[in-house]
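This report concerns only the one structure given below.
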Amino acid sequence: MHFSKMLIPTLRETPADAEAISHILMLRAGYVRQLVAGLYIYLPLGLRVIEKINKILKEEMNAIGAQEVIMPLLHPAEIWKETGRWYEIGDEMFRLKDRGGREMCLGMTHEEIMTWLAVREVRSYRDLPQIWYQIQTKLRDEARPKSGVLRTREFLMKDSYSFDAGEDGLERSYQRHAEAYHKIFSRCGLKFYMVESDPGMMGGAVAHEFMAPSPAGEDVVVICDSCGYAANVELALSNPPGIKFEDWKFEEVYTPEKRTVEEVSSFLKLSPQYFIKSILVIGDDGPVLALVRGDQELHEKKLGRIIGNHRPAQKIEVKEILGVEAGFIGPMGHQIRIIADTCLKKGVYVSGANKPHYHAIGIKPGEDFDAEWHDIHVAKESDSCSKCGNPIRIECTIEVGNIFKLGTKYSGPLKAFYLDENGQGKPLIMGSYGIGPARIAAAAIEQNHDKDGIIWPKGIAPFDIEILPLNMKDSKTAEVAEKLYKDLVKEGHEILMDDRDERAGVKFKDADLIGIPTHIILGEKNLKDGFVEIKDRRTGEAVKVRVEEVVEKVRDFISSF
RNA sequence: CGGGGCGUAGCGCAGCCUGGUAAGCGCACCUGUCUUGGGAGCAGGGGGUCGGAGGUUCAAAUCCUCUCGCCCCGACCA
């Protein structure tokens, strides 16, 4: 393609409302434009990247026997009502009515519709397994779209759904997806982790996420380099640093106006690790007291998985339920449900004395109070791996893919049954699997850029090579550039030819911004001696090559990186 | 939905506090000229209901009220 004939509106300056690097660079390099919050236009270059990614997705999905289909994105409400999600999902679902007043919604995912198809078309165990996928638009009315293309209200998703006769089959489909996903993200040039994740509202028991490390990511992941344990911080288990306990006798001490752990800890000159933080929350089934160590934080989601929906108690509620004001709560002597972090199970601690302006020293778990023990703290960098005891790492990541074992969550309510060998009706065992192509593109930029712009991984670059004839007014330059372009296209390379009548500096700057992996530079002086330069965008390394050898050298050059 | 910030030319911004002399700057764009290995120079030019509505005033980009939009933090995230 010729630059002069393409819409590539590069920007010299950073747009004011972009903050994430991928967002800034996609705007500056002319890949996308924003319509309104969370809705993006993909310009020619941006579309090329998405299509490269989609091609990889299709190849790898087809390779595991998945079949491409396409589903409507307008859905009748009835199906969503049957699974209950019409009611469970809140404002995130776009809802509307057709002219007949029939309730509809825009598809935010396709479990219901895929299962609807399976109900009708899958009859026998002989039809199984089936894996169906599509690459199609999803619509979710996000509360807060952000970070450019990373979180939008409308986005492309490769979603696949597996239907098996039993748990073994699901396991196979799940593993095949995991392997395909590894290949996909590798081919896209991403650094990524596969981590254990919370199945959440998707239902089912097992789920993994594919996470691309990047400071722009909104998910936090716990990684153990020693044993390979990797999990989303929403469920990651970890052991807080061990501490040496004193042999305190139970004793109440006067701590006037000292309420927070920091205040009491500095007042008593004891490290926060020796404290028990007591947090009262109000759940659907009544109040619950959550206990974590003084140097730890309570993880709401971890607690939520144990007690369900809950919210922090208000000050008045604390007084009413526990009989003491916040700041002096201790775990002793309460009748309500207590969930305590596992690391508190042993030791001798300090906490509130359940009377105003007093704390208690020498509290022994198991003796002075009892609790249900769960890992409910937020994993931190200083924690150690719960599996092998070695240090863990915490990283911010972009979720680029996920895989869920659904079981019969959808096939049950929608009555997706098959007949087994004995003629018995059984529910299909399902899995669902997603990948966001736009997030792959954004993550690739987040992980591959420098001060000058994007450095695309070869697998998903919009073009393989950019030709830069530095002076288009020089007839020799223009002539050789055209010939090289034709020859290289004939070789099967995708080429962007910067045939604009721009100064050399402009072409270099734009080429670096746009980030095509290989540049062929045609300067007047080199050309007089019969040479051009082949330059690698990532390293900046350039080699001088005779014009007639370019086609051959490019072959070597490209394969050497 | 709560908190904060910002809306002035395609992009980046100044002007607002202290109303009039305030529709400005840089880049981009158009014409000409010159230049061609890292966003050149010179000369000329086009482009704005100052997000919108209402109000105060002799007079509003500027003050007041309402409203819409965008970004960031948090909550939420099938």
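No experiment lies behind these values; they were computed from the predicted model shown. Lettering of chains follows the sequences in order, A, B, ..., and the numbering in each one begins at 1.
- Using a 4.5 Å heavy-atom cutoff, the side chains of Glu317(A) and Pro287(A) are not in contact.
- Look at C29(B): its Watson-Crick or wobble partner, with both distances under 3.5 angstrom, is G45(B).
- Note on Arg503(A): every side-chain N or O is 4.0 Å or more away from OP1 and OP2 of G37(B).
- Nucleotide C50(B) is matched to nothing when pairs are restricted to Watson-Crick or G-U wobble geometry with both distances under 3.5 angstrom.
- A centroid separation of less than 6.0 Å is found between the aromatic rings of Tyr485(A) and His2(A).
- Backbone-only contact: Asp17(A) has heavy atoms under 4.0 Å from sugar-phosphate atoms and none from a base.
- Each of Asp501(A) and Gly38(A) was matched to the nucleotide of RNA chain B holding its nearest heavy atom; the match closer to the 5' end belongs to Asp501(A).
- Pair assignment for G20(B): C58(B), on the basis of Watson-Crick or G-U wobble contacts that are both within less than 3.5 Å.
- Minimum heavy-atom separation, Gly515(A) to Arg537(A): CA-NE, 4.2 Å.
- Base pairing analysis places G7(B) opposite C68(B); the two distances defining the Watson-Crick or G-U wobble pair are each below 3.5 Å.
- Distances from the side chain of Lys535(A) to the nucleotides G38(B), G12(B), U36(B) place G38(B) closest.
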All N/O pairs under 3.5 Å across the protein-nucleotides 25-29 of chain B interface:
unit_1	atom_1	unit_2	atom_2	d
G26(B)	N2	Glu13(A)	OE1	2.9
C27(B)	O2'	Arg12(A)	NE	3.4
A28(B)	OP1	Arg12(A)	NH2	3.4

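- In this pair, Tyr40(A) and His23(A) present their aromatic rings perpendicular. The plane angle is above 60°, beyond the 30 to 60° band.
- Taking only distance into account, the side chain of Asp512(A) meets the base of G38(B) through a donor-acceptor pair shorter than 3.5 Å.
- Checked for salt-bridge contact, Asp198(A) and Lys301(A) miss the test: no charged N lies under 4.0 Å from a carboxylate O.
- A tilted orientation is assigned to the rings of Phe210(A) and Phe192(A), their planes being inclined by 30° to 60°.
- Checking Thr109(A) against Glu111(A) by side-chain atom types alone, a donor-acceptor pair falls below 3.5 Å.
- Residue-to-nucleotide contacts include a donor-acceptor pair under 3.5 Å from the side chain of Arg28(A) to the base of G39(B).
- When each of C11(B), U35(B), G39(B) is scored by its nearest atom to the side-chain atoms of Asp510(A), the top-ranked nucleotide is G39(B).
- An OP1 or OP2 oxygen of U36(B) is reached within less than 4.0 angstrom by no side-chain nitrogen or oxygen of Lys507(A).
- For Lys509(A), whose side chain is taken as the heavy atoms from C-beta onward, the closest listed nucleotide among C11(B), U36(B), G39(B) is G39(B).
- Across every strand in view, G74(B) sits in a pair with C1(B) that passes the Watson-Crick or G-U test at under 3.5 angstrom.
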Set out, line by line, the N/O atom pairs under 3.5 Å between protein and nucleotides 4-7 of chain B.
none

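- Nearest nucleotide to the Ala37(A) side chain, out of G39(B), G37(B), C71(B): C71(B).
- In this structure, the nucleotide among C73(B), G39(B), G38(B) sitting nearest to the side chain of Phe508(A) is G38(B).
- Other residues, nucleotides and ligands contribute only 12 or fewer heavy atoms inside 6.0 Å of the CG atom of Asp91(A).
- When each of Arg144(A) and Ala16(A) is assigned the nucleotide of RNA chain B with its nearest heavy atom, Ala16(A) is the one assigned upstream, toward the 5' end.
- Applying the 90° criterion around 0 to the glycosidic angle, A14(B) comes out anti.
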